[in-house]
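One structure is given here, and the rest of the page talks about it.
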2 protein chains.
Amino acid sequence: METGPSFVPLYQQVRGILLGRITDGYWKPGEPLPAEPRIAEELGVSPGTVRKALDDLAAAKVVTRRQGRGTYVTEHSPDTALFHFFRVVNAKGHRSLPDCRELSRHHGKVNARERKALDLPAGAPVYRIRRMRPMEGRDVLIEDITVPATLFPGLIDGRAPLPNTLYDHYQRAYGVTIRRASETLRAVGASDSVARHLGLATGHPVMEIHRVAIGLDEKPIELRITWLATDDFAYHVELE
Amino acid sequence: METGPSFVPLYQQVRGILLGRITDGYWKPGEPLPAEPRIAEELGVSPGTVRKALDDLAAAKVVTRRQGRGTYVTEHSPDTALFHFFRVVNAKGHRSLPDCRELSRHHGKVNARERKALDLPAGAPVYRIRRMRPMEGRDVLIEDITVPATLFPGLIDGRAPLPNTLYDHYQRAYGVTIRRASETLRAVGASDSVARHLGLATGHPVMEIHRVAIGLDEKPIELRITWLATDDFAYHVELE
DNA sequence: TAGTGGTCTAGACCACAAA
DNA sequence: TTGTGGTCTAGACCACTAA
């Protein structure tokens, strides 16, 4: 028989309260939180307890602390979004950042794979976007993005092209913050379509990456399937 | 012009002292450290400062805290070594652990790639080991391991087979602790040799993983090149 | 029962940023 | 100059483990 913890530490309760206010949009990305002593007296706990809660949230990148200025709700920028979630390096092992060229966008209904990854009901409407992400001027990376239409109404209905980095756009335009992502990598032979876009022979080995991006509330937000030609680039991970 | 920090916080100095004693073997893997108040009075700092230093080392998995028992120098076990550094999942996305079958072992001198990865002088002696790591009974993973002979004298000279998990063996038998690892992944066509071992056609897409394992002192310890057939297995990462 | 780490408090002083 | 987070101290009490 499973028994829960006999008590919940105060600082974890405080962390939950603060996270709730951020998730609910009471404090918005880029905004400063009240000073630590202010939060402490409001909640009736010691400043040290608030500090520990904020340290936890800072470690999870939910808030960003800046000495002498204050504690801010973390705001994705094009740079931070790429820095946290883009792990491709060039032949020298140096981080390299992609450009962007949109290939197609469609309305549709979830297929089986998307349903499973995004935990959606059958028939739920989705948007699908296919983009080329050239690296150092070469077409080596292509990605298929699927998001629930209900979360991002009108995302692909405008005439303007979508921004290069979507996660900061999700946050700014829809209040949806990506907190973390889960990636599954395989080596596959390039399909006709992928091979054509990447200038390879059909069946040439490419890396296929399934990414599910998870929001502040731990719910899946986006499914992204990437194909990367690893002849001149590679995927890099630090295991700690 | 680069200017260093104007001062080094006390808790970071304490962390450095404690890490030094562990690196030097003054406190050995599996042994308990003195209690926090004991360390504090020995170093002449406040218990809270020692606590913060130990929290840092625990986050880096250098020490392990056990409530009610004490703080211990982290000891690799077969399970922890695999749990931290083995990221292969089966088709259902569940973690799966490999068996081990040694294929060959050799003495040799570093080649160019190993020199670069392991930061060794030209002509340095190395040991090379090739192993099959069957997953769920199938030959899907093969690995080539290179270590400097000077670090692990006699490692491959015995008659007994090497243990399935090497990192805990490095620690127990040679006092060398692996702290983290850096992996670079590519999709490649299987070479004749790899294809034969994995039962694939030459050129079949496989994942090639270059891993450099780093020690407590941040120096490279081991180079390991892995080929994984990703038809029924995959490599999984969490990005945070 | 004794000893450990885990939590919580209350305050002092310092480094840093902005007005 | 003011206010922020960063560091450091000094203790109290609680939960957990092992003898």
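The structure displayed is predicted, hence computed values, not measured ones. Residue numbers start from 1 in every chain, and the chains themselves are labelled A, B, ... in the order their sequence lines are given, proteins ahead of strands.
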Taking 4.0 Å as the cut-off, does a side-chain nitrogen or oxygen of [X] come that near to OP1 or OP2 on [N]?
{"X": "A:Arg51", "N": "C:dC8", "answer": "no"}
{"X": "A:Arg69", "N": "C:dC16", "answer": "no"}
{"X": "A:Thr49", "N": "C:dT9", "answer": "yes"}

Practice task
Would you mind telling me which residue lines up with the more 5' stretch of DNA chain D, B:Pro47 or B:Lys52, judged by nearest nucleotide?
Solution key: B:Lys52
Exercise for the section: Find which nucleotide of DNA chain D each of A:Gly68 and A:Arg65 is nearest to by heavy atoms, and output the residue with the more 5' nucleotide. Expected result: A:Gly68
Exercise for the section: May I ask you to say what B:Arg66 touches in the nucleic acid, namely base, sugar-phosphate or nothing, with a heavy-atom cut-off under 4.0 Å? Expected result: sugar-phosphate
Exercise for the section: In plain terms, say whether B:Arg180 and A:Glu238 are close enough for a salt bridge, that is, a side-chain N and a carboxylate O under 4.0 Å apart. Expected result: yes
Exercise for the section: Determine, for A:Arg131 against A:Glu102, whether the closest basic-nitrogen to carboxylate-oxygen distance falls under 4.0 angstrom. Expected result: no
Completion exercise
So ring-ring contact (aromatic ring centres under 6.0 Å, His included) across residues 145-165 of chain A, not counting sequence neighbours, yields A:Phe152-A:Tyr170, A:Phe152-A:Tyr174
Mark yes or no for whether [X], through its side chain, and [Y], through its backbone, hold a donor-acceptor pair below 3.5 Å.
{"X": "B:Thr177", "Y": "B:Leu216", "result": "no"}
{"X": "A:Thr74", "Y": "A:Val63", "result": "yes"}
{"X": "A:Thr230", "Y": "A:Phe233", "result": "no"}

Fill in the blank from the handout: Double-helix bend of the helix from C:dT1-D:dA18 to C:dA18-D:dT1, axes at both ends from 5 pairs, round to 10°, gives 10°
From [atom1] of [X] over to [atom2] of [N], roughly how many Å is that when rounded to an integer?
{"X": "B:Leu18", "N": "C:dG5", "atom1": "CG", "atom2": "P", "value": "12 Å"}
{"X": "A:Tyr72", "N": "D:dG3", "atom1": "OH", "atom2": "P", "value": "15 Å"}
{"X": "B:Asp55", "N": "D:dT7", "atom1": "CG", "atom2": "C1'", "value": "14 Å"}
{"X": "A:Glu41", "N": "C:dT9", "atom1": "CD", "atom2": "P", "value": "14 Å"}
{"X": "B:Leu33", "N": "C:dG3", "atom1": "CG", "atom2": "P", "value": "19 Å"}
{"X": "A:Leu57", "N": "D:dG5", "atom1": "CG", "atom2": "C1'", "value": "15 Å"}
{"X": "B:Leu10", "N": "C:dC14", "atom1": "CG", "atom2": "P", "value": "14 Å"}

Handout entry: Toward the 5' end of DNA chain C, by each residue's nearest nucleotide, B:Thr71 or A:Tyr11
Key = B:Thr71
Measuring from the side chain of [X] (C-beta onward, heavy atoms only), which nucleotide among [options] has the closest atom?
{"X": "B:Pro9", "options": "D:dT9, D:dT7, D:dT4", "answer": "D:dT7"}
{"X": "B:Gln67", "options": "C:dG5, D:dG5, C:dC8", "answer": "C:dG5"}
{"X": "B:Arg38", "options": "C:dT7, C:dG5, C:dT4", "answer": "C:dT4"}

Exercise for the section: Assign the ring pair B:Tyr167 / B:His76 to parallel, tilted or perpendicular, where the plane angle (0 to 90°) is split at 30° and 60°. Expected result: tilted
